[in-house]
Each structure stands twice: as C-alpha cells, then as structure tokens.
2 protein chains.
Amino acid sequence: MSTKDRILEAALRQFNELGTDQTTLRSLAEELGISHGNLCYHFKNTDALIEALYDCLIAEIEEQVIQSQHPDNELEEMVLQAETTFRLLYKYRFLLLDLVRITRRIESIRQKFRAVMQLRRLQFHVTFGHLVRRGLMREEWVPGLHDRLITNLLVLGDNWIPNAEIHFDEKGESVIRYYFEAFKAGLTPYLTEQGMEAFR
Amino acid sequence: MSTKDRILEAALRQFNELGTDQTTLRSLAEELGISHGNLCYHFKNTDALIEALYDCLIAEIEEQVIQSQHPDNELEEMVLQAETTFRLLYKYRFLLLDLVRITRRIESIRQKFRAVMQLRRLQFHVTFGHLVRRGLMREEWVPGLHDRLITNLLVLGDNWIPNAEIHFDEKGESVIRYYFEAFKAGLTPYLTEQGMEAFR
DNA sequence: TTGTTTTTAGAACAAGTGTTCTAAAATATT
DNA sequence: AATATTTTAGAACACTTGTTCTAAAAACAA
C-alpha cells in the first residue's frame, strides 16, 4: 500500500473520530510514524486531504449508481439506492459533520456538493413521476407537495449524521438503521395502497 | 448599554456572519474599539461567549413558551410555536451552523441541548395524542410511525439552517419561509380531512 | 477629598499550526 | 555502476490564538 493511500486511510479515521479541526498534519504524521514534513510533501494541508477524500466519496457513489439497475421496480430501486448512500455517507461522516465549515472554506467542494444535491432532487422528481403513473404513489393533493417532501428527505439525508452525533451515544449500524427507518417513514404516507404493498 | 451587552451583540453578529472559528477575541475587540485584554476581562474566551449566547436563546424560547397559550386550538398552537422557534433559531443561527463542534467541546451545552430535544419530542407526542383524539390527526397505521415523523420534524428543525447555508445564497425571511413550508408539508399527510381544514 | 473597587489598555508569553527549506536516504533509470 | 528522481526527516519560520500580568484610568463610596 502506497504512502499516499495509508495517509488517506489514517486521515479518514482521524477526521471521523476527532473532527476536521482536531486532526492536524502532525497528529496524522505521528499515527503513521512518519515526519510531518513528509506528509506535507504528499498533501500540502488538511484541506487537500479533505478534498481528496471528498473525491473518493463521489467516486464511490457514482460506482454505486452505475452498478445497481432495477428498471423493473423503481420503488425498490430508490429505497435500495438510498440505503447504500446512507452507508457511504456514514463511512465519510466527517464531511457531513463539518459540512458548513468545509463548504465555506473550500469553494470547489461547495460547488460540487450543490450540483450533486440538485441532481438528486431531479432524480427524486423523475422517480416520483414514474411511481405516480404506475399507481404506486398518490398524486400531489397540494401543488408543490412533492418538492417539499423532497426537501425533507434531502435535509434528513444530509443531516442525520450530525443529529446522531449530538443525540446518540451509540455508533455504527444501529444508528444507520434508525435514521433509515425515519427516511422510509417519511415516504410512506405519500404511497397508495398498492405502493405500500410493494414497499414491504 | 453596558460593555458586556455590547460585546454579546457584536459576538452574535460575528458568529452568525463569520462562524465561530473565524471570530476571535481580537476581531471582536477591534470591531468594538476596545482592547482584547479588556474583552478577556469580561469573557475569558470565545467559548464563554457561546455559552452566554446559548443561555440567551434558551431564555427567549422559554419566554415564548410562557406567553403563547391557545389551549383551544392545539394544531394552531403547535404550528405557531414552531414558527416562532424557527425565527429564534435563525437569530442565533451560528449555534446550529456549528452545533457538532460546539457540543463536542462544551459538554454543558451538549447536555442542555439533548434535554431540550427530548422535551420537544415528548411535547410532540402529547400534542399528537390530543390531535388524534379530536379527530384532526390520523391514527398511526404503522406502530412507531408518529415517533419517526417526530424524528423527521426534529431533524428538519435543527438542520434547515445549515442546509440553507450550503444550498442558498439568499438570507433572512425568504429562507425561513421556505423551510417552514417544508415543515408544514411534512405534517399534512398525517392529518385527517378535518385536520386539513383546521390547518388552513 | 480620600481611598477602594471596577474597568481598561497594552505588553508579554506559551502553545499550536501550516509552511518552507535543506540535506540525507531510498528508489528508479540509464 | 553511475546518475537522476522521488521520498523522507527534521529543523526553522511566521502567524494566530488564548492567556496572563502590570499599571494606568475611571467610577464609586465613605
């Protein structure tokens, strides 16, 4: 394993456990048993590490999108994709724990993130349209209702990790499940009877 | 106006605009036209300022709870209280923009915040119980559904501000309205026909 | 007025951080 | 084997931050 990869691995661990502000080039160098001068040679500063790890996350998400294709069952597809995304976000949870400061400081990440989110909103709209046409989802009984639902789902998707950090002492799988259940629960009232059956 | 109050006022502004990490005793002293030694005399460090401002927020929220009492219309009461809370949180938005780091660093705030949130969850449950009995809200058609709805509402309530910071360029009233609409939309599918009418 | 307390300014200090630089060591290339 | 390139260690630097300290100024009390 290359030094660069070892650094990224250790950085992900320290970012997740200590936060981006308590992780320094020196603390990383110490954990890795190398000099911080050397670390500086590979990554100029912690922001460079954050950017590199963010690109890793994006790469993993795109990989997931390419792999899973269930064009026959859009509801299952959507739920499964959401679950995988939940797990991926948890792997890189330091990003969401500190997203405001990171996007304030690193303009490139801010732009990429906004683009991803607009795309996800669009995808939800498209999927909802399909689901309505197939009778799995109720039509909007108030104009703009679906868009507000999507806002709710996206806010939950982006912020369940900070929320868990503050309110839970546990970590890992149980937390993921807890919030993913909430995510699904947010969806159910908008489904038809038929949709509810397909949901289970 | 006492120096202490002037400091708190300036701190709130800088925290909201620059973030808690870019605001320093020196930057505050400069804005106020006093020495940072003097500032240190009143507040030992920025954490002391954060704690003081957090106590201000709590005080304002409690004041609001005491004032508004509509025991005749619980639905209106709940929505109005939520709106006022949305506005108060926006006034002290720096707290929510940086909640993870703040609660990690300042244990007392973490504990107070968790207590407040448990209380709010309980209040929602009580109110939902009343609304169901009055026929304004549908009964849970899946066990635990209300609790997951509350999780969704609380996550939105705590995180719409960080979300707005990342995704919106606008600030102020329009942002508050946008997310408060999403909050109300999250509630509507759980209401009965009668509840929907009372809602408008 | 006189003495006491509170408030203020400004210097000085310590600790931590990213950054740069130099030279040695390791590795790769010819 | 000789040379060039990449990688590494460690020192040195500049900068920021909170913190402490001293003494002057202001406000207040007797």
Side-chain angles (χ1 to χ4, degrees), chain A residues 1-55 94-95 97-98 100-110, chain B residues 1-55 94-95 97-98 100-110:
Chain A
M1 191 185 235
S2 73
T3 307
K4 223 164 179 136
D5 290 338
R6 284 182 58 228
I7 294 173
L8 284 173
E9 202 183 59
L12 180 59
R13 187 167 51 247
Q14 282 206 15
F15 282 150
N16 280 339
E17 282 173 20
L18 309 177
T20 52
D21 51 338
Q22 294 300 315
T23 302
T24 66
L25 294 183
R26 281 175 174 79
S27 72
L28 274 173
E30 195 184 9
E31 174 177 332
L32 288 163
I34 63 175
S35 68
H36 73 274
N38 185 15
L39 218 169
C40 239
Y41 168 76
H42 291 286
F43 296 96
K44 199 159 190 174
N45 48 38
T46 45
D47 280 359
L49 279 165
I50 292 172
E51 280 201 66
L53 286 171
Y54 182 81
D55 289 338
F94 80 93
L95 281 168
L97 286 173
D98 216 9
V100 172
R101 265 197 330 148
I102 289 174
T103 54
R104 272 184 173 175
R105 210 172 47 223
I106 310 176
E107 181 60 25
S108 63
I109 288 189
R110 178 183 155 103
Chain B
M1 189 186 240
S2 74
T3 308
K4 224 166 178 133
D5 290 338
R6 285 182 58 230
I7 293 172
L8 283 173
E9 202 183 58
L12 181 59
R13 186 167 51 247
Q14 281 207 14
F15 282 152
N16 280 339
E17 282 173 20
L18 309 177
T20 51
D21 52 338
Q22 294 300 314
T23 302
T24 66
L25 294 183
R26 281 174 173 81
S27 72
L28 275 172
E30 194 184 9
E31 174 177 332
L32 288 162
I34 64 175
S35 68
H36 73 274
N38 185 16
L39 218 168
C40 240
Y41 169 77
H42 291 286
F43 296 94
K44 200 160 188 172
N45 47 39
T46 46
D47 280 0
L49 279 164
I50 291 173
E51 279 201 67
L53 286 170
Y54 182 81
D55 290 338
F94 80 93
L95 281 168
L97 286 174
D98 218 7
V100 172
R101 265 196 331 147
I102 289 173
T103 54
R104 273 183 172 175
R105 210 172 47 223
I106 310 174
E107 180 59 25
S108 64
I109 289 189
R110 179 184 154 101

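This one's a predicted model, so the numbers in the text were calculated from it and none came from an experiment.
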Under 4.0 Å between any heavy atoms, over every strand shown, what does B:His36 touch: base, sugar-phosphate, or nothing? Just pick one. base

Nearest to the [X] side chain among [options], which nucleotide is it?
X	options	answer
B:Ile34	D:dG10, C:dT8, C:dA9	C:dA9
A:Cys40	C:dT19, D:dT19, C:dT17	C:dT19
B:Thr46	C:dT8, D:dG18, D:dT7	D:dG18
B:Thr3	D:dA9, D:dT8, C:dT8	C:dT8
A:Tyr41	D:dT8, C:dT8, D:dT19	D:dT8

Shortest non-hydrogen separation from B:Thr103 to B:Ile109 and the atoms involved: CG2-CG2, 4.4 Å

Grab the two heavy atoms, one from B:Asp21 and one from A:Arg101, that are nearest each other, plus how far apart they are.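 So the minimum-distance heavy-atom pair works out to OD2-CD, 2.9 Å.
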
Whole angstrom is fine here: how far is it from [atom1] in [X] over to [atom2] in [N]?
X	N	atom1	atom2	value
A:Glu30	D:dA9	CD	P	13 Å
A:Gln22	D:dT17	CD	P	16 Å
A:Leu28	C:dG18	CG	P	9 Å
B:His42	C:dT8	NE2	C1'	8 Å
B:Met1	C:dT7	CE	P	17 Å
A:Asn38	C:dT22	CG	P	18 Å
A:Arg6	D:dT7	CZ	P	14 Å
A:Leu32	D:dG10	CG	C1'	17 Å

Has B:Asn45 got a side-chain N or O lying under 4.0 Å from the OP1 or OP2 atom of D:dT19?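 Result: yes.
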
Mind checking the NE2-CG spacing from A:His42 to A:Leu25? Nearest 0.5 Å is all I need. 12.5 Å

Specify the residue among B:Lys44 and A:Arg26 whose closest nucleotide of DNA chain D lies further upstream toward the 5′ end.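 Result: A:Arg26.
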
Hey, does the side chain of A:Glu31 reach the backbone of A:Ala10 with a donor-acceptor pair shorter than 3.5 angstrom? no

Using side-chain contact (heavy atoms from CB on, under 4.5 Å) as the criterion, point out the one residue from A:Thr20, A:Ile102, A:Ile106 that pairs with A:Asp47.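 The option that passes is A:Ile106.
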
